[in-house]
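Whatever order the structure lists ligands and atoms in, that order sets their numbers, starting from 1. Residue numbers run from 1 in the order of the sequence given.
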Amino acid sequence: MAIIHQIDKKKLPKHVAIIMDGNGRWAKQQGKNRVFGHKQGAKSVKEIVQAAGELGIEYLTLYAFSTENWNRPKLEVDALMALLISSINSETKELIENNVRLLSIGNHNALPKNVRNKLFQAIDQTKNNTGLTLVLALSYSARWELTEAAKKIAGLVVDHKISVDDIDEKIISDNLTTTNIPDPELMIRTSGEYRISNFLLWQLAYSELYFTDKLWPEFGKEEFFKALMNYQSRERRFGKTSEQLEHNI
Ligand code: IPE
Ligand code: IPE
Ligand code: MG
């Protein structure tokens with residue numbers, strides 16, 4: 001049976017987050033430069049966005065560029081920014097056709113102005129779509145996000161909008177860049193690295209983690225379905241015992 005038919009549509013995660021890693025190594029294997037790997041990686045993005053939309057997943061967050069990635073060679077950073085613009089140019093029409101709503105999290109002020117403008121334009125053009133919400137993490141790092149949240153919450157206290165005792169998990173969540181987005185039930189990382197690399201540290205607190213050796217340009221629909229199947233085979237206990245879950249107590 002094709003793997004897609006083995007997925008229980010009633011037990012899909014609402015939100016899947018992906019650390020798309022391994023473009024550079026994939027390119028090296030092909031004897032090509034890193035930028036070639038990023039271009040191929042963009043094809044995987046297209047395929048996974050389609051698959052997530054077709055399955056009816058509500059949120060897909062893709063780690064596309066981290067705060068730390070600014071430290072890469074300028075040529076690579078410039079190529080990634082150019083690829084972002086050309087991808088937005090070529091894909092926005094399809095996002096609209098497929099009812100995908102685009103959002104982005106990250107320090108947008110750090111992005112070149114032309115990238116920022118394009119990004120906000122696409123976000124605006126897709127804002128009324130009601131299908132998959134695609135969240136691009138761009139110039140994002142969780143420590144940056146948590147630092148910003150701390151500043152915002154401190155501001156609320158200083159302005160007497162809330163008191164220190166009002167600060168709870170909800171206030172912290174509400175002041176992150178992912179306001180109103182449920183925490184990911186599943187986080188996938190490709191390329192055989194077993195780390196979080198400063199991604200969604202707060203939101204991943206209870207996510208199921210799935211690691212695969214596949215490099216991002218090799219990660220297609222079948223691989224995505226495999227990750228979802230694996231997720232569906234897990235028992236999410238949230239601190240309780242199996243018996244409690246079984247008897248719903
Ligand atoms: C992920 O692939 C893409 C970005 C971080 C932008 P990499 O470029 O990190 O690929 P590797 O890890 O060097 O193979
Ligand atoms: C993580 O990949 C960031 C993105 C996928 C955008 P990296 O390749 O930058 O991660 P590290 O530095 O190897 O942990
Ligand atoms: Mg990498």
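Judged as a side chain to side chain donor-acceptor pair (under 3.5 Å), the pairs with a partner in residues 142-155 (not counting sequence neighbours) are, in order, Tyr140-Glu145, Glu145-Thr177, Glu145-Gln203, Glu148-Lys151. For residues 88-102, the pairs satisfying salt bridge (charged side-chain N to carboxylate O under 4.0 Å, His left out) are Lys46-Glu91, Lys46-Glu94, Lys93-Glu97, with sequence neighbours left out.
Taking the side chain as every heavy atom from C-beta outward, Asp183 and Tyr206 never approach each other to under 4.5 Å. Side-chain atoms of Thr67 and Asn107, non-hydrogen and from C-beta on, never get closer than 4.5 Å to each other.
Between Arg237 and Glu243 there is no salt bridge, since no side-chain nitrogen of the basic residue lies less than 4.0 Å from a carboxylate oxygen of the acidic one. Checked for salt-bridge contact, Lys221 and Glu54 meet the test: a charged N lies under 4.0 Å from a carboxylate O.
At a heavy-atom cutoff of 4.0 Å, ligand 2 is surrounded by Ile19, Met20, Asp21, Tyr63, Ala64, Phe65, Ser66, Asn69, Arg72, Arg189, Arg195, Ser197.
Tyr194 and Phe211 have tilted rings, their planes meeting at an angle from 30° to 60° on a 0 to 90° scale. Using the six-membered ring where Trp is involved, Tyr59 and His15 have ring planes that are tilted, between 30° and 60° apart.
Protein N/O/S atoms found under 2.8 Å from the Mg ion (ligand 3): Asp21 OD1.
Between the side chains of Ser207 and Glu185, no donor N or O sits under 3.5 Å from an acceptor N or O. Between the side chains of Asn89 and Ser86, no donor N or O sits under 3.5 Å from an acceptor N or O.
Per-residue contacts place His38 under 4.0 angstrom from the following atoms of ligand 1 (heavy atoms of the residue considered): 3 (C), 8 (O).
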